[in-house]
Amino acid sequence: MGAIISCPRLGVNIDHVATIRNARGGRHPDPVRAAHQAVEAGADGITAHLREDRRHISDLDIARLKSEVTRPLNLEMAPTSEMLEIARRHVPNACCLVPERREERTTEGGLDVISGGRALQPIVSSLQDVGIRVSLFVEPDANAIDAAVDLQADIVELHTGSYCEAALIDDAEGFAREFRRIELSTKRAHDAGLEVHAGHGLTYTTVGRIAALSEVVELNIGHFLIGEALFVGLNAAISRMRIVIEEARQQAQSKSSSKVRRRREAS
């Protein structure tokens, strides 16, 4: 039998199903229905961001996701007292602390874990006290990784936005630089005992290099999959993403095994 291939988990963010619903009001399309369909298509978990202004996901959505969906729920939230109370009431599998500004269209950049550590510490501890795993959404930066370690977080989710933006505008130099930052950060975080996730802006063309990094345990993808679902359906969009992720990890592990074998033969 061949070696078992360990692939990153795929978390599907269903925020933008709610964005479409809220554009007109009412109940359709239902993000919880989308979550169920994502699970059927192979999602390992569901991610939802409950924002202060409730621009997409609502409090009722979170309650329903927690009670109805059979896969782990990752609640993205700003580190505020209101969100802390909501998280402690619903007890999702994990909470990913993210920066939040009302004027932004979506989360822009990583959480300031360096200068904001003192304010974040009690929130991290309070979530962990009720059994919630805490993830910090950070830039791929050594200082941010070290700060996450100091905060005793369980997970870091590396912000892949700059990497994806460089790919979008065909900036080869920037793409290589941003990928190297992510690569170094995954190793630093893993070596420090943190579980490593990644996400923001990932597509079929950009996810492969990130999925190939052996330290990455989970990829969280939302906007691209919901957009692609308009053309091919959610099941097909998620299924294809899983294939791209699995093939990238398999190829990386095959190359790694070949290198080890060549070293042994040469020694």
Side-chain angles (χ1 to χ4, degrees), residues 8-100 106-107 123-124 126-137 154-155 157 195 197-200 202 217-230 233-235 237-239 241-242:
R9 298 188 298 263
L10 174 60
V12 174
N13 186 313
I14 45 83
D15 288 354
H16 294 294
V17 177
T19 301
I20 299 171
R21 173 195 64 189
N22 296 353
R24 189 162 182 172
R27 299 182 180 180
H28 180 78
D30 179 9
V32 180
R33 180 183 177 188
H36 285 299
Q37 190 169 350
V39 170
E40 292 173 4
D44 297 295
I46 299 298
T47 292
H49 184 175
L50 184 65
R51 295 184 68 108
E52 179 189 22
D53 60 11
R54 309 306 198 266
R55 69 178 61 172
H56 36 59
I57 293 296
S58 70
D59 298 71
L60 179 58
D61 293 332
I62 295 299
R64 290 181 59 209
L65 287 167
K66 174 60 179 172
S67 65
E68 296 181 27
V69 177
T70 58
R71 292 291 187 272
L73 173 62
N74 174 37
L75 172 62
E76 288 187 348
M77 56 176 264
T80 65
S81 57
E82 179 198 18
M83 291 301 155
L84 175 61
E85 191 277 328
I86 291 170
R88 284 176 59 92
R89 182 166 71 247
H90 292 293
V91 192
N93 180 71
C95 282
C96 184
L97 303 183
V98 301
E100 189 173 305
T106 186
T107 303
I123 295 174
V124 171
S126 184
L127 291 169
Q128 291 173 330
D129 284 346
V130 293
I132 300 171
R133 304 184 74 216
V134 177
S135 173
L136 301 177
F137 186 68
D154 302 289
I155 305 159
E157 180 164 339
E195 185 171 303
H197 298 181
H200 198 84
L202 293 170
V217 173
E218 182 171 302
L219 295 161
N220 285 301
I221 306 172
H223 184 268
F224 174 77
L225 290 173
I226 302 307
E228 193 68 8
L230 295 173
L234 190 57
N235 281 38
I238 292 172
S239 296
M241 184 62 77
R242 285 204 65 94

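Counting begins at 1 with the first residue of the sequence. Side-chain atoms are counted along with the backbone in the values below, which use heavy atoms only and exclude waters and symmetry mates. Here the structure is a predicted model, which is why all the values come from computation and not from measurement.
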What heavy-atom pair brings [X] and [Y] nearest, and what distance separates the two atoms?
{"X": "Ile57", "Y": "Pro31", "value": "CD1-CB, 4.3 Å"}
{"X": "Pro8", "Y": "Asp44", "value": "O-OD2, 4.5 Å"}
{"X": "Arg71", "Y": "Ala43", "value": "NE-O, 3.5 Å"}
{"X": "Leu65", "Y": "Ala48", "value": "CD1-CB, 3.9 Å"}
{"X": "Ala35", "Y": "Ile46", "value": "O-CD1, 3.8 Å"}

Measuring from [X]:[atom1] to [Y]:[atom2], what's the distance to the nearest 0.5 Å?
{"X": "Cys96", "Y": "Arg133", "atom1": "SG", "atom2": "CZ", "result": "12.0 Å"}
{"X": "Ile221", "Y": "Leu202", "atom1": "CD1", "atom2": "CG", "result": "5.0 Å"}
{"X": "Arg88", "Y": "Ile123", "atom1": "CZ", "atom2": "CD1", "result": "11.5 Å"}
{"X": "Ser81", "Y": "Ile86", "atom1": "OG", "atom2": "CD1", "result": "9.5 Å"}
{"X": "Met77", "Y": "Ser135", "atom1": "CE", "atom2": "OG", "result": "11.5 Å"}

Inset, instruction - Answer with yes or no whether the side chains of Ser58 and Asp61 bring together a donor and an acceptor at under 3.5 Å. - result: yes
Could you work out, with side-chain contact (heavy atoms from CB on, under 4.5 Å) as the rule, every residue matching [X], not counting sequence neighbours?
{"X": "Ala229", "answer": "Leu234"}
{"X": "Pro29", "answer": "Val17, Ile20, Arg21"}
{"X": "Asn220", "answer": "Thr47, Asn74, Glu157, His197, Glu218"}

Can you confirm whether [X] sits close enough to [Y] that some side-chain heavy atom of one is under 4.5 Å from a side-chain heavy atom of the other?
{"X": "His36", "Y": "Val69", "value": "yes"}
{"X": "Val217", "Y": "Ile155", "value": "no"}
{"X": "Glu52", "Y": "Thr80", "value": "no"}
{"X": "Glu100", "Y": "His49", "value": "yes"}
{"X": "Val32", "Y": "Ile14", "value": "no"}
{"X": "Glu76", "Y": "Phe137", "value": "no"}
{"X": "Leu75", "Y": "His90", "value": "no"}
{"X": "Arg55", "Y": "Thr19", "value": "no"}

Could you work out, with side-chain hydrogen bond (donor to acceptor under 3.5 Å, both in side chains) as the rule, every residue matching [X], not counting sequence neighbours?
{"X": "Asp30", "result": "Arg64"}
{"X": "Arg89", "result": "Glu85"}
{"X": "Asp59", "result": "Arg54"}

Legend entry - Stepwise side-chain contact (heavy atoms from CB on, under 4.5 Å) test for Leu97 and Val124: CA-CA 9 Å; Leu97 303 183; Val124 171; 4.2 Å; yes
Taking [Y]'s backbone N and O only, do any of them form a donor-acceptor pair with [X]'s side chain (distance below 3.5 Å, no angle check)?
{"X": "Asn93", "Y": "Leu73", "answer": "no"}
{"X": "Asn235", "Y": "Ala41", "answer": "no"}
{"X": "Arg242", "Y": "Gly42", "answer": "yes"}
{"X": "Lys66", "Y": "Val91", "answer": "yes"}

